[in-house]
Amino acid sequence: MAANTFDLEDRDNESKDVEEKEENRCKFFFIIFLKFIFFLAFLYLFICSLDFLSSAFRLLGGKAAGQVFQNNAILQNPVTGLMIGVLATVLVQSSSTSTSIVVSLVGAGILEVKTAIPIVMGANIGTSVTNTIVALGQITSRREFRRAFAGATVHDMFNWMTVIVFLPLEVITGYLYHLSELTVNSLALEAYADGKKDFLKVITKPFTKRIIQVDKKGIQKIAQNEDVDTLLKICCKSKTLKNVNETFANGTSYILSSKKICVKECEYIFKDTTLSDNEIGGILLVASLILLCFCLFVIVKLLNSILQGKIRKVIKRFINYEFPGRCGYFTGYLAIIVGCGLTILVQSSSIFTSTMTPLVGVGVVSLERMYPLTLGSNIGTTTTGILAALAQDGNKMRNPLQVAFCHLFFNLSGILLFYPIPFLRIPIPLAKFLGKETSKYRWFSVMYLICMFFLLPLMVFALSVAGWEVMAGVLIPVATLIIIIVIIKIIQAKKPSILPTKLQDWKFLPICCRSLEPVDRVMNMCCCEKCTSLDDSDSETEETTPEIKANSGNDNNEVTHI
């Protein structure tokens with residue numbers, strides 16, 4: 001009897017354990033499901049915040065961007081056109097918008113195709129500022145910030161390297177112009193009325209349009225030298241009336257062949273306020289940055305919470321999966337196709353790369369996988385210009401479509417140069433270097449953002465306006481010095497013995513010329529140490545890449561070497 005009693009008790013205990021395990025499993029999956037729902041909700045708000053950020057920059061800098069395009073004489077200089085493309089895209093926070101403006105100006109006969117090509121190249125650079133800003137949202141964690149900033153700047157590095165190579169080639173040979181001309185001449189062109197359809201905004205527009213609506217054609221009108229009082233959208237639905245009889249104040253009556261009237265006015269929060277475009281843009285900029293940072297913070301926390309243990313390993317293995325054997329070489333090309341397809345779906349390379357940046361930061365997507373996804377995104381974003389060109393009138397479609405194809409062939413050329421041969425994937429080590437430096441000095445990320453997207457374009461723009469002689473006199477010595485330093489640096493890494501003893505390292509230079517340490521001391525004096533240095537606990541557990549491990553022995557006393 002006692003043995004039977006013990007058996008019954010054991011069975012009861014086993015059944016209770018099974019029930020508890022089932023209950024815990026159900027709770028676990030329910031919590032994961034809730035976290036996933038919250039993740040999607042904050043991802044939606046994150047994408048909306050990017051839309052608000054774009055609207056804020058358009059209100060703040062849209063008129064200036066439009067006025068820049070008015071001066072056709074300045075745009076004849078390809079370097080000036082390149083920098084205008086960078087600055088205009090940074091101001092409107094969208095390469096799709098700036099490229100569409102250029103396409104429309106070419107269609108209207110205001111710009112020539114050859115003049116528009118450098119502007120489109122500059123737009124390619126300017127669009128990468130958004131995901132670089134997004135990377136700053138992970139600045140509190142050393143590991144995440146290093147990875148996120150590298151993942152964001154790999155886009156920057158690719159765009160800058162492609163421009164450095166192909167802008168001079170285009171100026172000398174005009175190969176993009178001739179290749180796109182042959183392509184357009186071989187096509188049977190027909191207008192496509194739905195050319196500006198945006199799939200992502202079907203989801204986000206119901207929310208964003210209740211807050212703010214910006215007239216995208218306003219910047220284009222300013223560029224065409226038309227008077228525009230505000231960039232806010234006033235009329236949401238218009239109707240064209242034919243054979244309208246209109247009487248003017250002096251009593252004169254005319255019969256107009258057609259007249260467009262507003263049937264439905266737009267309704268949103270900032271409508272009918274006494275605030276100017278700049279004031280609304282400033283308010284929207286602050287609000288969108290706060291919303292963006294908050295959403296990014298929550299998304300990263302949710303990702304770290306969801307992607308734990310086996311789940312994290314499975315997803316990480318799936319995203320970064322390499323085909324077996326020799327087929328592994330083609331894995332990156334599949335990633336390029338995926339990046340291209342997703343960008344075409346959302347109609348924005350900024351949104352796609354900005355969404356991927358936090359995933360790189362938390363370690364789910366590797367930098368080596370982010371690179372081909374970014375390249376695919378660069379191809380996908382060219383479809384916006386192509387669709388904008390196809391939306392033009394049939395007799396005005398040829399030149400705008402040629403510009404759009406120039407954009408496509410430019411990105412394809414960069415991919416063919418900087419991806420097929422692993423040795424030439426230069427943007428990856430450059431992005432790793434930037435990620436490493438920003439993980440040491442957080443102020444460096446802000447300085448990089450200001451210098452690369454504002455000060456450098458403005459300086460080169462000013463030099464190009466001053467004339468070819470002035471620009472060449474300044475830029476050629478600087479470029480020559482940079483090339484010499486890069487060559488010496490490569491030889492130091494590969495075969496230092498062939499160099500003179502003094503050039504085998506940079507210790508003969510003053511510390512201010514070979515390290516950021518003196519600047520860091522100044523930053524520490526200006527700000528509290530907590531604001532400029534990263535937490536020690538994070539640095540102790542930092543995952544170090546093989547490249548950084550290899551270089552750690554040379555960086556005992558000096559932080560950043562040339």
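By the 4.5 Å heavy-atom criterion applied to side chains, F166 and L417 are counted as neighbours. At least one side-chain heavy atom of P372 sits under 4.5 Å from a side-chain heavy atom of I336. Inter-residue side-chain proximity for L499 and Q492 is flagged as met; some heavy-atom pair is nearer than 4.5 Å. For the pair C295 and L291, the minimum side-chain heavy-atom distance is below 4.5 Å. With contacts defined as side-chain heavy-atom distances shorter than 4.5 Å, the pair M447/I450 does not qualify. L430 places none of its side-chain heavy atoms less than 4.5 Å from the side chain of L434. Using a 4.5 Å heavy-atom threshold, the side chains of T127 and H155 count as touching. A 4.5 Å side-chain heavy-atom check between S128 and F158 finds every atom pair outside the cut-off.
Taking the six-membered ring where tryptophan is involved, the planes of Y441 and W443 are tilted, since the angle between them lies from 30° to 60°. Aromatic ring pairs are classed by plane angle as parallel below 30°, tilted from 30° to 60° and perpendicular above 60°; the pair Y371 and Y419 is tilted.
When all heavy atoms are compared, the tightest approach of A148 to Q138 is CB-OE1, 3.3 Å. Listed here is the closest heavy atom pair of M121 and L167: SD-CD1, 3.8 Å. In terms of heavy atoms, F270 sits closest to I211 at CD1-O, 3.2 Å. Residues C406 and S180 share a closest heavy-atom pair of SG-OG, 3.1 Å. Here the closest non-hydrogen pair linking F52 and S288 is CB-CB, 3.7 Å. Shortest non-hydrogen contact noted between G126 and T89 is C-CG2, 3.6 Å.
We find the CZ-CG distance between F410 and L169 to be 11.0 Å, quoted to the nearest 0.5 Å. One finds the CG atom of L275 at 11.0 Å from the CG atom of N278 (value rounded to the nearest 0.5 Å). Considering CG of L375 and CZ of R425, their distance stands at 9.0 Å, rounded to 0.5 Å. Distance check: L367 CG to T374 OG1 gives 8.5 Å after rounding to the nearest 0.5 Å. Between the CE atom in M161 and the CG atom in L424 there is a gap of 9.0 Å [rounded to 0.5 Å]. The structure places SG of C451 at 8.5 Å from CZ of F444, a figure rounded to the nearest 0.5 Å.
Side chain of T383 to backbone of G380: a donor-acceptor contact under 3.5 angstrom is found. No donor-acceptor pair closer than 3.5 Å links the side chain of E144 to the backbone N or O of S141. A donor-acceptor distance shorter than 3.5 angstrom exists from the side chain of N159 to the backbone of N124, with no hydrogens or angles considered. Put simply, the side chain of R146 never gets that close to the backbone of K436: no donor and acceptor are under 3.5 Å apart. With hydrogens and angles disregarded, no donor-acceptor distance shorter than 3.5 Å links the side chain of E170 to the backbone of I117. Counting only distance, with no hydrogens or angles, the side chain of N411 and the backbone of N378 share a donor-acceptor pair below 3.5 Å.
For E437 and R442, the salt-bridge test fails: no basic side-chain N is under 4.0 Å from an acidic carboxylate O.
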V286 and I290: side chain to side chain contact (heavy atoms under 4.5 Å, CB included), yes or no, with the steps?
CA-CA 6 Å; V286 174; I290 292 172; 3.9 Å; yes

Assess whether side chain to side chain contact (heavy atoms under 4.5 Å, CB included) is satisfied between V154 and M370, documenting all intermediate values.
CA-CA 8 Å; V154 75; M370 178 66 173; 4.3 Å; yes

When you look at K440 and R142, which way does the side chain to side chain contact (heavy atoms under 4.5 Å, CB included) test go after all the steps?
CA-CA 8 Å; K440 294 176 182 177; R142 178 172 183 166; 4.2 Å; yes

Could you walk me through whether F352 and L373 pass the side chain to side chain contact (heavy atoms under 4.5 Å, CB included) test, one step at a time?
CA-CA 9 Å; F352 174 72; L373 288 170; 4.3 Å; yes

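Applying the side-chain hydrogen bond (donor to acceptor under 3.5 Å, both in side chains) test between S377 and each of T353, N131, T343 identifies T343 as the sole match. When the options T438, T132, D156 are evaluated for a side-chain hydrogen bond (donor to acceptor under 3.5 Å, both in side chains) with Y448, the one that passes is D156.
Heavy-atom contacts from other residues, nucleotides or ligands closer than 6.0 Å to CG of L481 number more than 12.
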